[in-house]
Amino acid sequence: MSAVQTAARGDSLPRSSGGTTSHGAARRWRLPRSARWLGVLPLLVFAVVVFGLSAGTMVFGAFTTPETMPGGARFTGANFIASLHGPHLAALINSVELSAVSALIAAVVGLPIAHAVVTSRFRALREAALAGAGVLANVGGVPLAFAFVATLGNAGVLTTHFALRSHGWNLYSFWGLTLAYLYFLIPLMVLTLAPALDGLRRQWREAARNNGASAFRYWTHVALPILMPSLLGGFVLLFGSAFSAYATAAAMVGSSVPLVTMQIADALSGDVLVGEGNVALALGVDMVLVAGLVMAVQLPLQRRSARWLA
Amino acid sequence: MARLRRPEYGRGAVWLLTGVYFLVPLACAVAFSIGIGGPRQGIGFDAYTGIFGADGFADSLALTLKLATATIALVLGLLVPALVTVRLAAPRLRTLVEIVCLLPLVVPAVALVAGISAVLRWGPDHFAGTPLFGALVALQNPEFPFVLVLAYALMALPLAYRTLDSGLTAIDLRVLVEAARACGASWPRTLFHVVLPNLRGALLNTAFLTLALVLGEYTVAAVLGYQPFAVWIVALSGSHAQMSVAVSMVGLLGTWVLLLVIAAAGRARRPKESQ
């Protein structure tokens, strides 16, 4: 039932969806009914065909045996069992640990940095920092890996200059990878927190101070509780981003640190053992489940934090 | 004053530490690319001057730019009509469109490419001899792998949706359209002469973000075996480590400058409109 039909029946009750003009006038300017679907249709068809087909085939393959097997494609849970055992399980756990540790560090470190950026008195500095954060968070990947290899890799500038290798430094390790991941996770955290920090009113701080609160009390009792949904949402987003990252690790460490993304890519692009392709699909489904969980936590938090930004 | 001064020290320390962490790798990378501090001590800009002559540079860059153009066209072609219609005429479809656009966030690039490669392997066996077979082959044409455009468009949807949606929120679309229609403009004229010019900033931003995504994208292309720019850089790093670092730095800084230019362009327009 549209506002037009309501108006046509002579129903003069105000409708919230009616917009700013009267219903009778709006009628002539409405898009024809067919155009409404035509506008949305291409997007829906694209999503169903490209997204649906890939996701559907992935799930189907994850639950079946390879078609090249003697019996053809049969339903099986073996791929999932394989994806949660041995080296696959180790890689999955390693990925989760790496993502959790680096996301936690980035969230803790990102808050003061985001605060410094947002409250900067120099507008140019603030914009350059936010634009830089956008570049590093979104385009990082391969260039980032090379920057770290050039800096701290085996023949890197700092490694050579300070003889770091004799002190046990190795970039191609869990902590080396964490250090590199922080380079795109911290900017991502800054981008996530910036709107929430912008929403912190100056008056709240002044009110707290007038009531005798110290800066510490203001942060623990006012600012942090307000920022908590954004902080948690940011942490979860960072976790997901680190969990699904592939380019940085692939260009930097190869396979010396086992990660689930690397195992999927290896299984897909290399010479595949029989059945390993379907295990890769099962690993893909495992990743989607983790990412889905991340989104399920993050979206409500985002909505919650949006309340303060209005 | 005393109240203000204490946090200022803290702020200075934060800027300093942040600066060190974020600038040192960039500085070291540049130093490495011109030969300072590396194992071989020959200082020179060969890594930069040699980029254009490097094997595969022109091909991979051309491929990436073609892919980027097609992806931007596809993303805008899908999203702009959908979002405008949803705002003007079909508010009930809004949730559906939002879900469709944010769904790709749930699928990491590696998982997406796992699905795509499964389709590409499974399809030819089942559709041999039908027109679909030809379509599947055309999708994987090494000259212009349209399958990458489809994957990139899907990956760009969430970001593009948010950018365009906030651009549409910033203008009063309904009033604009009704005014244009009341003045006798046809629907196409309203769209091309009223709606799109007012969305210029958001369209530019979306196009730029999509371009950045395609320029930096490595996973899907590498796994499917194509060689656009990012994959080429990684391949190059095996034989020309300095040059691959040089190209990476040029790319990062170039993207940053472009983003600043676009931000400045978006800001320069606003005061004029409010006057």
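Lettering of chains follows the sequences in order, A, B, ..., and the numbering in each one begins at 1.
Listed options B/Ser33, B/Ser248, B/Ala212 were ranked by heavy-atom pairs under 4.5 angstrom with chain A; first place goes to B/Ser248.
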Going through the checks in order, is the side chain to side chain contact (heavy atoms under 4.5 Å, CB included) test met by B/Arg121 and A/Leu268?
CA-CA 11 Å; B/Arg121 268 183 287 129; A/Leu268 291 174; 4.0 Å; yes
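Of the atoms belonging to B/Val234, heavy atoms from both backbone and side chain fall under 4.5 Å from chain A. Proximity to chain A (any heavy atom under 4.5 Å) is restricted, for B/Ser117, to the side chain, taken from C-beta onward. Using a 4.5 Å cut-off between heavy atoms, B/Val113 touches chain A through backbone and side chain atoms alike. For a residue to count as touching a neighbouring chain, one of its non-hydrogen atoms must lie under 4.5 Å from one of that chain's; by this rule B/Ala27 does not touch chain A.
Remark: B/Glu98 engages no residue in a salt bridge (charged side-chain N to carboxylate O under 4.0 Å, His left out) (not counting sequence neighbours).
Not one N or O on the side chain of A/Ser54 forms a donor-acceptor pair closer than 3.5 Å with the backbone of B/Gly115. Although no hydrogens or angles enter the test, the distance criterion places no donor-acceptor pair under 3.5 Å between the side chain of B/Trp256 and the main chain of A/Leu136.
Atom CG of B/Leu154 is separated from atom CZ of A/Phe46 by 5.0 Å, given to the nearest 0.5 angstrom. Rounded to the nearest 0.5 angstrom, A/Leu43 CG and B/Cys101 SG are separated by 5.0 Å. With rounding to the nearest 0.5 angstrom, the CD1 atom of A/Ile186 is 7.5 Å from the OG1 atom of B/Thr18.
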Would you tabulate the side-chain donor-acceptor contacts of residues 213-224 of chain B under 3.5 Å, counting partners in other chains and residues two or more places apart, or write 'none'?
from, atom 1, to, atom 2, distance (Å)
B/Glu217, OE1, B/Tyr152, OH, 3.2
B/Glu217, OE1, B/Val220, N, 3.4
B/Glu217, OE1, B/Ala221, N, 3.4
B/Glu217, OE2, B/Thr219, N, 3.1
B/Glu217, OE2, B/Val220, N, 2.9

